[in-house]
Amino acid sequence: MCALCGVLDGGGDWTDAAARPGVFTRNTDSLQRRRERINRVACAQRVLGFYGLALSDWQASSFVLSTLTGKTEIVDNLTHLWSAAEKLTGRPCDPLDPQLIERLEAGGA
Amino acid sequence: MPDFTPPIFTPVNLITGFLGSGKTTLLQRLLADPALGDTAVLINEFGEVGLDHHLLGRIDETMVLLPSGCLCCTIRGELASAIKDLHSKRERGEVPAFRRLVVESSGLADPFPILSTVQADLVLRHHFRLGSVVTTVDAVNGLSRPESIKQVAVADRLVLTKTDLAPERRTELERLLRRLNPDAPLWYAAEQTIGAADLFDDAVRSPLRALPATAEGSHGSVQAFALAFEGALDWTMFGVWLTMLLNRHGARVLRVKGILNVAGSATPVAVHGVQHLVHPPVHMAAWPDADRRSRLVFIVDGLDRTAIERSLRAFLSGAPQGLAAVA
């Protein structure tokens, strides 16, 4: 936990696996970690746009998820992201939703 | 002080299987293997009086009995506490230093919460790691209960028992097990000598074996299928997709397992998930065969294969590193 802001360190999520022998992760050094976070925001944003949500990096430790009206949630990782997105929008975020898939296939979201 | 150094991450193996399917008998046989001489055992029994530990013929301080009910729903906290207690005692030298922990679940247990406990608990995940899951299926009773279907789906190794009592059911059950879990090696307890290495080999967590690219099968609403993708895929976008899928449908994704050709990585990455739980991705040292396609095996309950494939392709198609070519 951050002593200043009280944000809990989620840790342990498979998309943020700690670097150790045999484990695939992009958590090995600060440059790679930063690049991955930027990439992650860009990838998630392609989908989140469909729900009117925006994601940004926060202090290289968490992400801020916001609605168009300014409601926000702090999320630790991709696993937390989707439950927070459903909470903010009040609707299921389903990757099997044909409308979402059509939007992605058309090159946007 | 312990007279040896325990492994950094002690493997935890789960033996599951429906009531009366031969879990304790199998465990009894395995514990006779010298390779498991330094193994701690944790037994969960359903019912007021635990008996299974007496059947094992071994009662010592590294054997823990959790007799208070079904491990999946009532005593997850108790499971975590029992493992932590064993760990503390090992650190203090109060129990023989064990290098492996085997958990035998009750026949009614859903394996997922047990696996999740080991990976989610803050203390446990720094000292233990999940090893293979072994599921026993008895030829007499087959897979008549929903619990047993789920237990088969999460298995890394399947052990068919009592084929000597019901030889006529063997072929049918084999076919059914292959449909439900096409990838897990199948052993026969009544006919084969099964050693610890056969069931607890760590290679199972980093699948060096080739995954099938064409597996298909179903049983009721449970369906197993394999997807294959040409070209390197974007790891980050794959993570976005899988986390989103498991958030919404995790309870129905009984199993996902794959070897991925990840853009920027010369060797493949193995992913392995059970419902909402995904293990740390394994960076494999080499490709298991000449096939360079990403291959994913799903075992799902009530989800549509076509929708899953179309969704994954749609997500990957617009990723920065995309999918170089689509099969």
Side-chain angles (χ1 to χ4, degrees), chain A residues 8-28 32 35-51 55 75 77-86 91-109, chain B residues 8-9 119-122 124-126 129 202 205-206 234-250 252 260 262 264-265 267-273 276-285 303-304 306-321:
Chain A
L8 286 166
D9 171 21
D13 185 62
W14 68 276
T15 58
D16 279 323
R20 60 175 195 255
V23 171
F24 182 79
T25 180
R26 289 178 173 156
N27 243 341
T28 48
Q32 193 182 48
R35 190 181 296 135
E36 174 62 14
R37 294 182 71 82
I38 292 168
N39 195 28
R40 191 172 293 182
V41 168
C43 286
Q45 193 56 55
R46 282 194 65 233
V47 184
L48 291 167
F50 179 75
Y51 301 101
L55 188 71
V75 296
N77 51 49
L78 286 177
T79 298
H80 291 165
L81 172 66
W82 301 110
S83 55
E86 292 187 341
R91 59 189 276 210
C93 295
D94 187 352
L96 308 183
D97 175 358
Q99 287 185 314
L100 170 64
I101 294 173
E102 280 167 23
R103 286 279 290 274
L104 292 171
E105 287 173 340
Chain B
I8 297 171
F9 295 96
Q119 188 151 310
D121 187 279
L122 280 170
L124 294 185
R125 75 171 186 234
H126 284 96
R129 65 176 172 78
D202 283 340
R205 311 307 302 179
S206 52
D234 186 284
W235 172 251
T236 309
M237 200 66 197
F238 176 78
V240 167
W241 178 79
L242 188 58
T243 52
M244 192 177 183
L245 180 77
L246 296 182
N247 176 67
R248 183 100 302 264
H249 300 292
R252 295 199 284 169
L260 304 179
V262 171
S265 174
T267 56
V269 177
V271 290
H272 186 137
H276 294 278
L277 173 78
V278 180
H279 299 276
V282 174
H283 202 176
M284 295 168 67
L303 292 177
D304 178 41
T306 311
I308 290 176
E309 181 168 14
R310 188 180 164 201
S311 171
L312 179 53
R313 289 188 188 281
F315 272 65
L316 292 173
S317 63
Q321 289 167 314

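Fair warning: this is a prediction, and the values are worked out from it, not measured in the lab. Order of the sequence lines fixes the chain letters, A, B, ..., with proteins taken first and strands second; residue numbering starts at 1 for each chain.
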Atom of B:Pro281, atom of A:Trp14 and distance for their closest heavy-atom approach: CD-O, 3.5 Å

Distance (rounded to the nearest 0.5 Å) between A:Ile101 CD1 and B:Leu312 CG: 10.0 Å

Evaluation steps, side-chain contact (heavy atoms from CB on, under 4.5 Å), between B:Met237 and A:Val47: CA-CA 10 Å; B:Met237 200 66 197; A:Val47 184; 3.9 Å; yes

Approximate separation, where rounding is to 0.5 Å, of A:Arg46 CZ and B:Ser317 OG: 5.5 Å

Heavy-atom pair with the smallest gap, counting every atom of A:Arg26 and B:Val262: NH2-CG1, 3.9 Å

side-chain contact (heavy atoms from CB on, under 4.5 Å) between B:His249 and A:Asp94, worked out: CA-CA 8 Å; B:His249 300 292; A:Asp94 187 352; 2.8 Å; yes

Closest non-hydrogen atom pair, A:Pro95 against B:Arg248: CD-CB, 4.4 Å

Where A:Ala44 and B:Val240 come nearest, the two heavy atoms and their spacing: N-CG2, 4.0 Å

Approximate separation, where rounding is to 0.5 Å, of B:Ser311 OG and A:Leu96 CG: 5.0 Å

Under 3.5 Å side-chain donor-acceptor pair for B:Thr236 and A:Glu36: yes

Closest-packed option against chain A by number of heavy-atom pairs under 4.5 Å, given B:Leu246, B:Leu242, B:Leu303: B:Leu242

Side chain / backbone / both / neither for A:Thr79 at chain B, heavy atoms under 4.5 Å: both

Expected output: side-chain B:Arg313 to main-chain A:Glu105 donor-acceptor under 3.5 Å: no

CG-CZ distance between A:Leu78 and B:Phe238, expressed to the nearest 0.5 angstrom: 12.0 Å

side-chain contact (heavy atoms from CB on, under 4.5 Å) assessment of B:Thr243 paired with A:Leu81: CA-CA 9 Å; B:Thr243 52; A:Leu81 172 66; over 6 Å; no

